[in-house]
Structure formats: C-alpha cells, structure tokens
Amino acid sequence: MSLSVSYDAAYASYTVDDYLASWAAGFATAGHGYSNTGGFNKGGFNGEQYATHGANGSDYAFIAGSTTTNGLHYVFSPSQPASSNLNHYLWGELDTLSLGYQLGGGNGGEFTLADDVVTFIGLDLDAALGAGRTGNDVHQTIYGLMQGNTSALEGVLDNLLAGYGVSTDDTFDAISAALASGPLSVASADVVGVQALAEDFALAA
Ligand code: HEM
C-alpha cells in the first residue's frame with residue numbers, strides 16, 4: 001500500500017515535524033501504567049484500533065489503526081515481570097495513524113477524533129507475536145506516542161517519504177504534492193545503477 005496523508009487545511013503550511021512537536025507538547029502525558037491505559041475498539045487486548053489521549057485531562061489524542069480485521073494486539077501477561085521485553089508490547093499490522101483532539105467512541109465501537117488534524121495511511125508496519133518490544137517498530141512507534149515522543153513515528157515517516165523525495169521537515173502541502181506525483185521515477189533509479197557501474201570501472205582501472 002502506498003502512503004497517503006490527509007490533513008486539516010489550517011495546517012497546510014506546517015511541517016510535519018512542527019505539527020508533531022506541537023501535538024507532543026499538548027499531549028503532555030504523565031505516562032501510561034494503570035491510570036491511562038487507552039484501549040482497543042473491541043475492548044480487551046485486540047482489535048482494529050488502539051487509541052488513547054494524554055493524561056491529566058489532555059484532549060490531545062491519537063488513533064492507531066489496522067486495515068486487517070483484528071490486526072492489532074497487546075500482550076499483557078501478569079505472570080511475567082512488567083519490565084520484561086516480552087510483556088506489555090503491541091504487535092500486528094499497523095497501517096493508519098490519526099492525530100488530533102477529543103477522542104470519542106471505543107467501548108466496543110469505532111474510535112473517533114472530533115478534530116482529526118492528520119491521518120497517515122499506508123504505514124505498512126508489521127510485527128509478529130513474540131516480537132517483544134526491542135526492534136519492534138509497531139510497538140516503538142505507538143509506545144513512543146503514548147509517552148508524547150514522536151521520534152519513532154518521524155523515523156517511520158521519513159523512511160517512507162524518502163521514496164518521494166520529501167521528509168517530515170517539509171510542509172503538509174509539499175508532502176501531499178510529492179505523494180500525488182508518485183514515487184521517484186524508475187529512470188532515476190537507472191541513473192544510480194549506471195553511476196555504480198562507472199565507479200566499478202574506475203576502481204578496476
Ligand atoms: C496497545 C498499546 C500499548 C502499549 C504499546 C503498552 C506498553 C506498555 C509498556 C512498555 C509498559 C511498561 C512496562 C514496564 O516496563 O514497566 C506498560 C505498562 C502497563 N500497561 Fe500497557 N501498553 C499498551 C496498552 C495497554 C492497555 C490497553 C492496557 C489495559 C489494561 C495496558 C495496561 C498496562 C498496565 C496496567 C501497565 C503497568 C504494569 C505494571 O506497572 O505492573 N496497556 N504498557
């Protein structure tokens with residue numbers, strides 16, 4: 001699936017990094033633990049959506065989504081230490097992410113944001129049961145957001161946006177235009193191939 005981004009026109013000239021920084025500052029979570037767990041759309045520890053809002057009554061929120069039915073799962077084993085790499089981690093197929101304000105829904109229904117500022121579709125991250133936390137992009141991206149830390153998400157986005165010649169340092173409008181014109185052309189990949197060949201000859205000489 002290719003990446004697409006939809007955003008509130010009021011933020012058109014914000015860079016993605018600027019918006020993520022302001023979202024993170026407003027999310028200002030006091031943490032997760034027992035008091036601010038968020039939840040899955042189906043309740044329990046599995047579903048198509050996981051969502052939470054900042055602690056201390058913050059309206060700032062996010063919804064992580066999977067386009068696969070029952071595609072996201074949380075491992076919570078009280079029998080293992082909370083600090084274990086194989087406990088308290090998210091796995092599954094993470095495809096979409098919405099950031100904004102005023103989380104609603106849940107409790108068996110779909111989550112919504114009354115003010116949905118930006119939605120990324122096509123994140124295309126995948127982690128298997130047993131992946132644990134370390135090296136698990138699905139977990140790191142979402143647990144980062146839960147702590148008001150957007151750096152893992154920025155890394156994921158920059159990785160995808162590089163294929164279109166843009167990055168999270170660009171504005172939503174610039175990114176939207178780059179995504180609309182498609183991935184960098186096959187012709188430029190060919191040019192890279194030719195250059196590599198020329199270097200090979202130079203080394204051989
Ligand atoms: C799905 C996204 C979630 C992620 C990425 C996540 C991640 C984590 C992590 C990394 C910890 C820290 C464990 C430690 O090192 O001490 C933790 C703790 C905890 N999580 Fe989650 N969590 C998620 C969702 C949930 C949900 C839906 C619940 C619902 C009950 C929950 C309940 C807890 C509790 C109770 C603790 C504290 C455990 C303790 O201190 O004994 N989490 N979580």
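For this chain, numbers begin at 1 and follow the sequence in order.
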Peer 1: Sequence neighbours left out, what passes ring pair (Phe, Tyr, Trp, His ring centres under 6.0 Å) with Tyr101? Give chain and number order.
Peer 2: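 Partners of Tyr101 under the ring pair (Phe, Tyr, Trp, His ring centres under 6.0 Å) test: Tyr60.
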Peer 1: Can you list every pair that meets side chain to side chain donor-acceptor pair (under 3.5 Å) and has a residue in residues 38-50, with sequence neighbours left out?
Peer 2: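 Every pair satisfying side chain to side chain donor-acceptor pair (under 3.5 Å) with a residue in residues 38-50: Asn41-Glu48, Lys42-Glu48, Asn46-His73.
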Peer 1: Going by side-chain heavy atoms closer than 4.5 Å, which hydrophobic residues are tied to Trp91, directly or by a chain of links?
Peer 2: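 Members alongside Trp91: Val75, Tyr89, Leu129.
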Peer 1: Please enumerate all residues that pass side-chain hydrogen bond (donor to acceptor under 3.5 Å, both in side chains) together with Ser6, with sequence neighbours excluded.
Peer 2: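 Listed in chain order: nothing, the list is empty.
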Peer 1: Contact between His88 and Tyr74 at the side-chain level, heavy atoms closer than 4.5 Å - yes or no?
Peer 2: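 Yes, their side chains come closer than 4.5 Å.
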Peer 1: Salt bridge (Lys or Arg N to Asp or Glu O under 4.0 Å) with Glu93: which residues, sequence neighbours excluded?
Peer 2: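 Glu93 satisfies salt bridge (Lys or Arg N to Asp or Glu O under 4.0 Å) with no other residue.
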Peer 1: May I ask you to check whether Trp23 and Phe27 place their ring centers less than 6.0 Å from one another?
Peer 2: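 Between Phe27 and Trp23, which both carry aromatic rings, the centre distance is below 6.0 Å.
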Peer 1: Of all residues at least two apart in sequence or in a different chain, which pass the side-chain hydrogen bond (donor to acceptor under 3.5 Å, both in side chains) check with Thr69?
Peer 2: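 With sequence neighbours excluded, Thr69 shows a side-chain hydrogen bond (donor to acceptor under 3.5 Å, both in side chains) to no residue whatsoever.
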Peer 1: Rounded at 0.5 Å granularity, tell me how far CD in Glu154 sits from CG in Asp17.
Peer 2: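 So the CD of Glu154 and the CG of Asp17 are separated by 4.0 Å.
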Peer 1: If we only count heavy atoms from C-beta on, is the Val117 to Leu99 side-chain gap below 4.5 Å?
Peer 2: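 Heavy-atom side-chain distance check fails, nothing below 4.5 Å.
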Peer 1: Going by heavy atoms in the side chains, are Leu97 and Val118 under 4.5 Å from each other?
Peer 2: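 No - every pair of side-chain heavy atoms lies 4.5 Å or more apart.
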Peer 1: Can you list everything that forms a side-chain contact (heavy atoms from CB on, under 4.5 Å) with Thr96? Sequence neighbours excluded, please.
Peer 2: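 Thr96 satisfies side-chain contact (heavy atoms from CB on, under 4.5 Å) with Thr67, Ile121 only.
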Peer 1: Below 30° counts as parallel, above 60° as perpendicular, anything between as tilted: where do the rings of Tyr11 and Tyr19 land?
Peer 2: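 Ring orientation of Tyr11 relative to Tyr19: perpendicular.
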Peer 1: Do Phe45 and Ile63 share a hydrophobic cluster (ILVMFWY, side-chain heavy atoms under 4.5 Å, transitive)?
Peer 2: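 No.
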Peer 1: What pairs meet the salt bridge (Lys or Arg N to Asp or Glu O under 4.0 Å) rule with one or both residues in residues 157-173, with sequence neighbours excluded?
Peer 2: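 Matches after skipping sequence neighbours: none remain.
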Peer 1: In chain order, what residues pass the side-chain hydrogen bond (donor to acceptor under 3.5 Å, both in side chains) check against Tyr14, with sequence neighbours excluded?
Peer 2: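 Tyr14 satisfies side-chain hydrogen bond (donor to acceptor under 3.5 Å, both in side chains) with no residue once adjacent residues are dropped.
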Peer 1: Do the non-hydrogen side-chain atoms of Phe172 and Val5 ever get within less than 4.5 Å of each other?
Peer 2: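 Sidechains of Val5 and Phe172: in contact.
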Peer 1: State, to 0.1 Å, how close Ser167 and Leu161 come at their nearest heavy-atom pair, and which atoms those are.
Peer 2: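 Of all heavy-atom pairs spanning Ser167 and Leu161, the closest is C-CD1, 3.7 Å.
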Peer 1: Taking atom CG of Asp116 and atom CG of Leu103, what is their separation to the nearest 0.5 Å?
Peer 2: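 Asp116 atom CG to Leu103 atom CG measures 11.0 Å (nearest 0.5 Å).
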Peer 1: Quick one: side-chain hydrogen bond (donor to acceptor under 3.5 Å, both in side chains) partners of Asp18, sequence neighbours excluded?
Peer 2: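 Scan of Asp18 (side-chain hydrogen bond (donor to acceptor under 3.5 Å, both in side chains), adjacent residues dropped) gives Thr15.
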Peer 1: For residues 107-115, tabulate all N or O donor-acceptor pairs below 3.5 Å that involve a side-chain atom, not counting sequence neighbours.
Peer 2:
none

Peer 1: Partners of Ala24 by side-chain contact (heavy atoms from CB on, under 4.5 Å), sequence neighbours excluded?
Peer 2: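 Here the qualifying residues are Thr150.
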